[in-house]
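Presented below is the structure to which this report refers.
Numbers here are sequence positions counted from 1.
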Amino acid sequence: MPICPIEYSEFGDTTNRVCRTGCLSGTYADSSLRTCVATCSATPALYSYTSGNLCVAECPNGLYADNSSRSCTSDCPNGTFADNSTYKC
């Protein structure tokens, strides 16, 4: 298995791995693991950001971190509110 540069992710099966930029739709680049994951890590707290398929520690402007779905969202789920000081739901 190759060691890919930080801006690349490892793709492919166990016998044929290659380094490529970006992740497939529905997966997110986790830079700490240097691989694509279906769900971003809860420890450390990472959130999926669909534009670019990335796991991010902080959501971009205008989006809020939703702990229940581990994603960046413009609308917080029912029963939660958008905190404009922390940018979390």
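Residues forming a side chain to side chain donor-acceptor pair (under 3.5 Å) with Tyr28 (at least two apart in sequence, or on another chain): none. Residues passing the side chain to side chain donor-acceptor pair (under 3.5 Å) test with Thr73, sequence neighbours excluded: none. Evaluation of the side chain to side chain contact (heavy atoms under 4.5 Å, CB included) rule for Ser74 yields Leu63 as partners, not counting sequence neighbours. Looking at residues two or more places apart in sequence or on another chain, you find a side chain to side chain contact (heavy atoms under 4.5 Å, CB included) between Thr39 and Arg70. Looking at residues two or more places apart in sequence or on another chain, you find a side chain to side chain donor-acceptor pair (under 3.5 Å) between Ser68 and Asp66.
Between the SG atom of Cys89 and the CG atom of Asn78 there is a distance of 11.0 Å, given to the nearest 0.5 Å. With rounding to the nearest 0.5 angstrom, the OG atom of Ser71 is 12.5 Å from the CG atom of Leu46.
Other residues sharing the hydrophobic cluster of Tyr87, ordered by chain and number and joined by side-chain separations under 4.5 Å: Tyr64.
Side-chain atoms of Pro60 and Cys72, non-hydrogen and from C-beta on, do get closer than 4.5 Å to each other.
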